[in-house]
Amino acid sequence: MTPLVEVQDLTMRFGERLIQEHVSFDIQPATIFAIMGGSGCGKSTLLRHMIGLHEPASGHVRYDGMDYWAASEAQRNAVRRQFGVLFQSAALWSSMSVLDNVLLPLEQLTDLPAEEREARAREALGWVGLSDAAQVKPAELSGGMRKRAGLARAIVAQPRLLFLDEPSAGLDPVSSRRLDDLILTLRERTGAAVVLVSHELPSLFAIADDGLFLDADRKRPLARGSPRALREADVPAPVRAFLNREETTKP
Ligand SMILES: Nc1ncnc2c1ncn2[C@@H]1O[C@H](COP(=O)(O)OP(=O)(O)OP(=O)(O)O)[C@@H](O)[C@H]1O
């Protein structure tokens, strides 16, 4: 079966500076795929290469077998329309209400009539438990609520692929767990695959089915598999150290 995403021998650089090389993996539909590794190893950079914000120094990123960087601009746009993205900061527009923020992708990506757009945006806010916050401005929300509003915006256009960059960073354990549950529920409801950048062990063990560990020193991937499986496997020392950090409790 053609994978939903296939990354083949990717090299990522900023100018002369090598970030990662020999990055290869594939993602099957409806998988929650974790990009793991220590601070600065290139997790967010890999995500940005996957969503078309950075062009690889070499290698390929394929969607349904189509080579993204060899495709026409129209083909790339069609692929990007299938993405939902939640950046680390949630990146909500501060001057707009929560509802208007969530409406944006529907206005940009669909020709739905206004009432239908609003109904879908309100439904997405309902999924993330923010029905009562539709008219407030993002600044009035807590950090966890902002993340959930960002998640509502990321999913409202029913993406096939959801990219989440550190969704639980800065959240208390209860909010973080709630977000994990939401991600699982969304995957069940929509069948979307999720690419999750995270170093939060409880979250990784709870929801990721597959993943890749990037090593900051060797500048290449060191392990592939679900965080749960890798925790039990004979893996290189940096992977073992990352997955058995003592400051977190195993579920
Ligand atoms: N636009 C850019 N230009 C130049 N260097 C960059 C750029 N973006 C990131 N970097 C560098 O690339 C390296 C990888 O950064 P990245 O943010 O991808 O790491 P990360 O694994 O996501 O880290 P963290 O867990 O701390 O968020 C870092 O050294 C960073 O300084």
Side-chain angles (χ1 to χ4, degrees), residues 5 7-25 27 32-61 68-69 76 80 83-92 143-144 146-147 150-151 154 161-173 175-176 179-180 183 193-208 210-227 230-231 235-248:
V5 185
V7 172
Q8 186 191 354
D9 204 13
L10 197 73
T11 303
M12 302 182 284
R13 292 180 180 277
F14 287 115
E16 288 298 296
R17 186 161 162 229
L18 176 66
I19 305 299
Q20 289 279 322
E21 62 183 343
H22 303 306
V23 179
S24 295
F25 61 94
I27 302 179
I32 299 182
F33 189 95
I35 300 174
M36 299 171 274
S39 189
C41 68
K43 301 181 294 295
S44 299
T45 301
L46 174 55
L47 186 141
R48 287 171 169 270
H49 277 76
M50 294 179 73
I51 60 178
L53 288 178
H54 294 317
E55 187 167 356
S58 64
H60 304 273
V61 182
Y68 184 87
W69 290 102
R76 285 186 212 168
R80 279 202 302 267
F83 296 168
V85 184
L86 172 60
F87 289 107
Q88 263 184 55
S89 58
L92 300 168
R146 267 201 291 280
K147 289 280 170 76
L151 188 60
L161 245 175
L162 189 56
F163 293 92
L164 307 176
D165 195 351
E166 299 280 9
S168 43
L171 299 187
D172 62 79
S175 306
S176 178
L179 205 62
D180 286 346
I183 295 166
V194 179
V195 179
L196 173 70
V197 171
S198 179
H199 57 253
E200 304 274 332
L201 290 181
S203 185
L204 289 168
F205 292 135
I207 68 172
D210 195 358
L212 188 74
F213 182 92
L214 303 179
D215 189 68
D217 298 328
R218 291 177 183 79
K219 300 189 186 306
R220 55 196 301 166
L222 276 190
R224 164 79 193 273
S226 81
L230 292 177
R231 180 173 54 174
V235 287
V239 186
R240 199 165 51 244
F242 177 89
L243 292 173
N244 291 285
R245 297 194 315 268
E246 282 179 4
E247 73 263 32
T248 46

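Values reported hereafter were calculated over all heavy atoms of this structure, with side chains retained and with hydrogens, waters and symmetry mates removed. Atoms within a ligand are numbered from 1 in the order they appear, just like the ligands themselves. Because the structure is predicted, anything quoted here is derived from the model rather than measured.
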- So which bit of Ile19 gets within less than 4.0 Å of ligand 1, heavy atoms only: side chain, backbone, both or neither? side chain
- Query: Going by the atom numbers of ligand 1, which of them fall below 4.0 Å from some non-hydrogen atom of Lys43?
  - Reply: 18 (O), 19 (O), 20 (P), 21 (O), 22 (O), 23 (O), 24 (P), 25 (O)
- Query: If you measure only the distance, is there a donor-acceptor pair under 3.5 Å linking the side chains of Glu166 and His199?
  - Reply: yes
- for atom 15 (O) of ligand 1, nearest protein heavy atom and its distance come out as Thr45 OG1, 3.6 Å
- Task: Could you tell me whether the side chains of Ser203 and Ser198 share a donor-acceptor contact shorter than 3.5 Å?
- Result: no
- Please determine if Asp165 and Lys43 form a salt bridge, counting it only when a charged side-chain N lies under 4.0 Å from a carboxylate O. no
- Which atoms from ligand 1 have a heavy atom of Gly38 less than 4.0 Å away? 21 (O)
- Around atom 23 (O) of ligand 1, find the nearest protein heavy atom and jot down its residue, atom name and distance. Gly40 N, 2.9 Å
- Nearest protein heavy-atom contact for atom 27 (O) of ligand 1: which residue, which atom, what distance? Gln88 NE2, 3.8 Å
- Task: Specify the protein heavy atom at minimum distance from atom 11 (C) of ligand 1: its residue, its atom name, and the distance to 0.1 Å.
- Result: Arg17 NH1, 3.8 Å
- Query: ligand 1 versus Arg48, non-hydrogen atoms closer than 4.0 Å: side chain, backbone, both, neither?
  - Reply: neither
- Axial cation check for Phe213 ring with Arg224, 6.0 Å and 45° limits: no
- Message: Please list the nearest protein heavy atom to atom 26 (O) of ligand 1 with its residue and the distance rounded to 0.1 Å.
- Response: Ser39 OG, 2.7 Å
- Using the benzene-type ring in the case of Trp, are the ring centres of Phe33 and Phe25 under 6.0 Å apart? yes
- Item | Near-ring test Phe14/His54, centroid separation under 6.0 angstrom | yes
- Message: Under 6.0 Å from the ring centre and within 45 degrees of the ring axis: does the NZ or CZ of Arg240 meet both conditions for the six-membered ring of Phe242?
- Response: no
- Using non-hydrogen atoms of the residue, decide whether Cys41 is closer than 4.0 angstrom to ligand 1. yes
- Item | Residue, atom name and distance, where the atom is the protein heavy atom closest to atom 17 (O) of ligand 1 | Ser44 CB, 3.8 Å
- Task: Using distance alone, with no hydrogens and no angle criterion, decide if Asp9 and His60 have a side-chain donor and acceptor under 3.5 Å apart.
- Result: no
- Item | Identity and distance of the protein heavy atom lying nearest atom 4 (C) of ligand 1 | Phe14 CG, 3.4 Å
